[in-house]
There are 4 protein chains.
Amino acid sequence: MERKKILSNVKNRELVMKRRNQMIKGAISLFKEKGFHRTTTREIAKESGFSIGTLYEYIRTKEDVLFLVCDSIYEQVKQRLELVIAKEVPSVKMLKNVVRAYFELMDEMQEEVLVMYQEVKSLEKEAQEYVLKKEREMVDMLKQVIESCLPEHNISDMDTELIANNIFIQGQMWGFRRWILQKQFKLDEYIDRQLFYLMRVLLIEE
Amino acid sequence: MERKKILSNVKNRELVMKRRNQMIKGAISLFKEKGFHRTTTREIAKESGFSIGTLYEYIRTKEDVLFLVCDSIYEQVKQRLELVIAKEVPSVKMLKNVVRAYFELMDEMQEEVLVMYQEVKSLEKEAQEYVLKKEREMVDMLKQVIESCLPEHNISDMDTELIANNIFIQGQMWGFRRWILQKQFKLDEYIDRQLFYLMRVLLIEE
Amino acid sequence: MERKKILSNVKNRELVMKRRNQMIKGAISLFKEKGFHRTTTREIAKESGFSIGTLYEYIRTKEDVLFLVCDSIYEQVKQRLELVIAKEVPSVKMLKNVVRAYFELMDEMQEEVLVMYQEVKSLEKEAQEYVLKKEREMVDMLKQVIESCLPEHNISDMDTELIANNIFIQGQMWGFRRWILQKQFKLDEYIDRQLFYLMRVLLIEE
Amino acid sequence: MERKKILSNVKNRELVMKRRNQMIKGAISLFKEKGFHRTTTREIAKESGFSIGTLYEYIRTKEDVLFLVCDSIYEQVKQRLELVIAKEVPSVKMLKNVVRAYFELMDEMQEEVLVMYQEVKSLEKEAQEYVLKKEREMVDMLKQVIESCLPEHNISDMDTELIANNIFIQGQMWGFRRWILQKQFKLDEYIDRQLFYLMRVLLIEE
DNA sequence: AATGAATGAGCCTTCATTCAT
DNA sequence: TATGAATGAAGGCTCATTCAT
């Protein structure tokens, strides 16, 4: 997939990657705490360990930071999921493992995901679309896992889409509805029960 | 439930209500368009039909407007749902009608709900908690509907909680994941399929 | 002539005029001292006697101030010249009086004119054209004076244009070449000699 | 005349000259386009073909560039005029040729001259005076041409000064009042008519 | 009660200049 | 000599909030 390019004054590619990673790390920690709008570029620079001038050597606008953050979060999630998928052969067991891994990942990254959900809208059109495409990719990953793990099950494509979406947001829900859910469920319980009902939905007996 | 009080300089209660409704209406329309942070108090005042000075006679800070908006949205949703519930006697049919009504409501109010999801975090602690309580109330409504409609089904409380939450966010998902879902489903299809799988989850045959 | 409108948040027309005059006065004094680019908006606000916030209630950008200044200078010059013209009937004497008055005016306003010459280029296209039109008007005034004062002299239109332009810039030259001219001439001497040669150019004997 | 020294870290004289000429060429082209203040040192470096670090090996401040540019422009004009003067013996014809050559030169270099007029004021005192001296020299050249070409004409020194100044600015006027003049005159017409009236001023019959 | 002019803290961004390599 | 990454002071502008009328 074509990667949206954020322009930088600095030419050295490695340095750009290094500084941007510093930036992303600093920014995420600030966005978690106070959101995008309440975080100033100076704070981002400071938290990243360099001056405001340096910050602007690596981006063009504050929004670029948000985009970098969103992009990085999705990239991480995607890579982690791909890792799990690569480890097994398609089967019901694999399906359950992937969903479990996804839920665990959402638990680990709940703050990052929260940030994304609340701030994507602040991105300009083009960047927003890029991020949505990333999300689309992730739902597609789940869809393919379902299809490949249940080859004979004859679920319609639309239903697979629906179920994949449901799984996707059930994962996110764990993070951004934590005030409600995490009072009543431990992560494992949550995963177990969701998997239990997923099996029912897919007519899989155990 | 105790209502969080927003202070106003104006004493006439009716006038306060009238002006605040103007404000909420104006603000929602602006927040939908550009979000809370990008909307200025001047714009809210203008859209509401009065001056910036007057705006500040009825609230203390810009955040108060956001709170009023969030509160109003939940209140509307809750009232609408209660109306549907009041119309029928508990039964599987009622359960399906309530869920259907809730999904339709989320379709109607998708922009309002989107606003809320993205901006609640900007509220101060206390206001945030108030809004979360409202949400809690709504999940509880769904929970009670499930329980009263399926008295003999022996679903554990935690599972009911989980299922209610799932329904709750499946409704919201329709709105804030519209870019993905509304390309592939019509509202009715979406509702039908979700209800179909809900029946499976609840072991209800038709 | 259509006046280019500078937008203001403040509605009260009289107040806008009053504040803008304060602004123009303050700005001219600063521009004289350090030029447009080296003057900050904060300084303009302070010199004008109000806060930076108030400054921006009456203009949209710093450039607006420059435009206001340029516009005001031309307007003053034009009005002063019209006054002189209105006082007499066309004749060689009147021509000399107008030219003399113009030179004296340029002496009085030499700093303002200097500012204009050096900063007009900083204006955006549209504003620049507006200012150039003003200049055009002034050359036309001189042209008409020449024509009406010397009805039988049969100077071609192009030559009148040229001579009017020469007078125009000889006036400005007194101000912005002051380092050279004002070392060697007193204002009266300068005017006398320029008038002397103007008479030769126009073939008028005295 | 003593040349104002711009300090350089680099010792090799030839290299300094070479790099500075690159700089002047690059800077003039940028100043023409956007003025001194809107041009950044980075842009100057890039346009000159070297890095920002290198730029600062050959100058101390951005203003130095402006000075170098102004100095170079005057030097060019002066040299070109001297060339014309050297080619002929003093006579009315020579006077006309010099004036014509000067006007043609001003046409060729109108953008450079415009730059100078609008930016000299940004120079610091000392540099400004140096540039003004250059201008003084040029007026003196014109003065001497008039005197040597019209030995018996008995024009007072002050009048010669005045006339030389008038010629000087009529030349510049062609460039920086181009929006008005160049709509109505072709260069040749402009020169012809100015020369025609100059002859009248000097009482020379043809 | 309503108005809207005034305020100024604070934000994003730029850019001349330096300095380690 | 040449490079270009780093710096941070400073600038233009916004906007929530106040207060005199």
Side-chain angles (χ1 to χ4, degrees), chain A residues 8-12 15-16 19 37-46 49-65, chain B residues 8-12 15-16 19 37-46 49-65, chain C residues 8-12 15-16 18-19 37-46 49-65, chain D residues 8-12 15-16 19 37-46 50-65:
Chain A
S8 160
N9 283 337
V10 176
K11 300 297 171 196
N12 182 333
L15 192 54
V16 172
R19 291 278 179 263
H37 284 103
R38 294 204 200 287
T39 302
T40 70
T41 51
R42 270 180 176 80
E43 287 170 325
I44 295 172
K46 194 172 179 189
F50 36 69
S51 72
I52 181 68
T54 299
L55 182 74
Y56 276 89
E57 290 292 308
Y58 294 92
I59 51 158
R60 287 265 181 262
T61 67
K62 188 186 174 191
E63 226 189 56
D64 282 354
V65 181
Chain B
S8 162
N9 285 336
V10 177
K11 296 306 164 198
N12 180 335
L15 191 52
V16 172
R19 291 276 180 262
H37 283 102
R38 294 205 203 285
T39 302
T40 67
T41 51
R42 269 165 155 111
E43 288 170 323
I44 296 172
K46 195 175 177 190
F50 37 71
S51 73
I52 183 67
T54 301
L55 184 74
Y56 275 88
E57 292 295 313
Y58 294 92
I59 51 158
R60 286 269 176 253
T61 70
K62 188 185 174 190
E63 228 187 54
D64 282 354
V65 181
Chain C
S8 161
N9 283 337
V10 176
K11 300 297 171 195
N12 182 333
L15 191 55
V16 172
K18 181 181 156 198
R19 291 278 179 263
H37 283 103
R38 293 206 201 285
T39 302
T40 69
T41 51
R42 272 175 176 83
E43 287 170 325
I44 296 172
K46 194 174 178 189
F50 36 69
S51 72
I52 182 66
T54 299
L55 183 74
Y56 276 90
E57 290 293 309
Y58 294 92
I59 52 158
R60 286 265 182 260
T61 69
K62 188 186 174 191
E63 226 189 55
D64 281 354
V65 181
Chain D
S8 160
N9 285 337
V10 177
K11 296 304 164 201
N12 179 336
L15 191 52
V16 172
R19 290 276 180 264
H37 283 102
R38 296 205 202 284
T39 302
T40 68
T41 51
R42 267 166 156 111
E43 287 170 323
I44 296 172
K46 195 174 179 189
F50 37 71
S51 72
I52 183 67
T54 302
L55 183 75
Y56 275 87
E57 291 296 313
Y58 294 92
I59 52 158
R60 287 268 177 253
T61 69
K62 188 185 174 191
E63 229 187 54
D64 283 355
V65 181

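Throughout, protein chains are lettered first and strands after them, A, B, ... in sequence-line order, and every chain is numbered starting at 1.
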(request) State the CD1-OG1 distance between A/I59 and A/T54, to the nearest 0.5 angstrom. (result) 11.0 Å
(message) Quick check for you: to the nearest 0.5 Å, what is the distance between C/I52 atom CD1 and C/I44 atom CD1?
(response) 8.0 Å
Kindly write out the residues that satisfy side-chain hydrogen bond (donor to acceptor under 3.5 Å, both in side chains) with [X], not counting sequence neighbours, or none if the list is empty.
X: A/S8; answer: none
X: B/R42; answer: C/E57
X: D/T61; answer: none
X: C/T41; answer: none

Counting side-chain heavy atoms from CB outward, which of [options] is closest to [X]?
X: C/R19; options: F/dT1, E/dA6, E/dG8; value: E/dA6
X: D/T40; options: F/dT1, E/dA16, E/dT3; value: E/dA16
X: C/R42; options: F/dC13, E/dA1, F/dA5; value: F/dC13
X: B/F50; options: E/dT3, E/dA6, F/dT7; value: E/dT3
X: D/I52; options: E/dG8, F/dA5, F/dT7; value: F/dA5
X: D/T41; options: E/dA1, E/dT13, E/dA16; value: E/dA16
X: A/S51; options: E/dC12, F/dT7, F/dT1; value: F/dT7

(message) For a quick test of reading the model, state the closest non-hydrogen atom pair linking C/Y58 to C/V16 and the distance between them.
(response) CE2-CA, 3.8 Å
(message) Please find the pair of heavy atoms, one from A/R38 and one from B/E63, that lie closest to each other, and give the distance.
(response) NH2-OE2, 3.7 Å
(request) Taking Watson-Crick and G-U wobble pairs with both distances under 3.5 Å, convert DNA chain E into its dot-bracket string, 5' to 3', dots for unpaired and | for cross-strand pairs. (result) .||||||||||||||||||||
What nitrogen or oxygen pairs link the protein and nucleotides 19-21 of chain E at under 3.5 Å?
none

(request) Using the test salt bridge (Lys or Arg N to Asp or Glu O under 4.0 Å), find all partners of D/R60 that sit at least two apart in sequence or belong to another chain. (result) none
(message) Under 4.0 Å, counting only non-hydrogen atoms across every strand here, what does D/K46 touch: a base, just sugar-phosphate, or nothing?
(response) nothing
(message) Within the 4.0 Å heavy-atom criterion, would you say B/S8 contacts the bases, only the backbone, or no part of the nucleic acid?
(response) nothing
(request) Could you check A/Y58 against C/T54 and say which one's nearest nucleotide on DNA chain F is further toward the 5' end? (result) A/Y58
(request) Find which nucleotide of DNA chain F each of B/H37 and C/T61 is nearest to by heavy atoms, and output the residue with the more 5' nucleotide. (result) C/T61
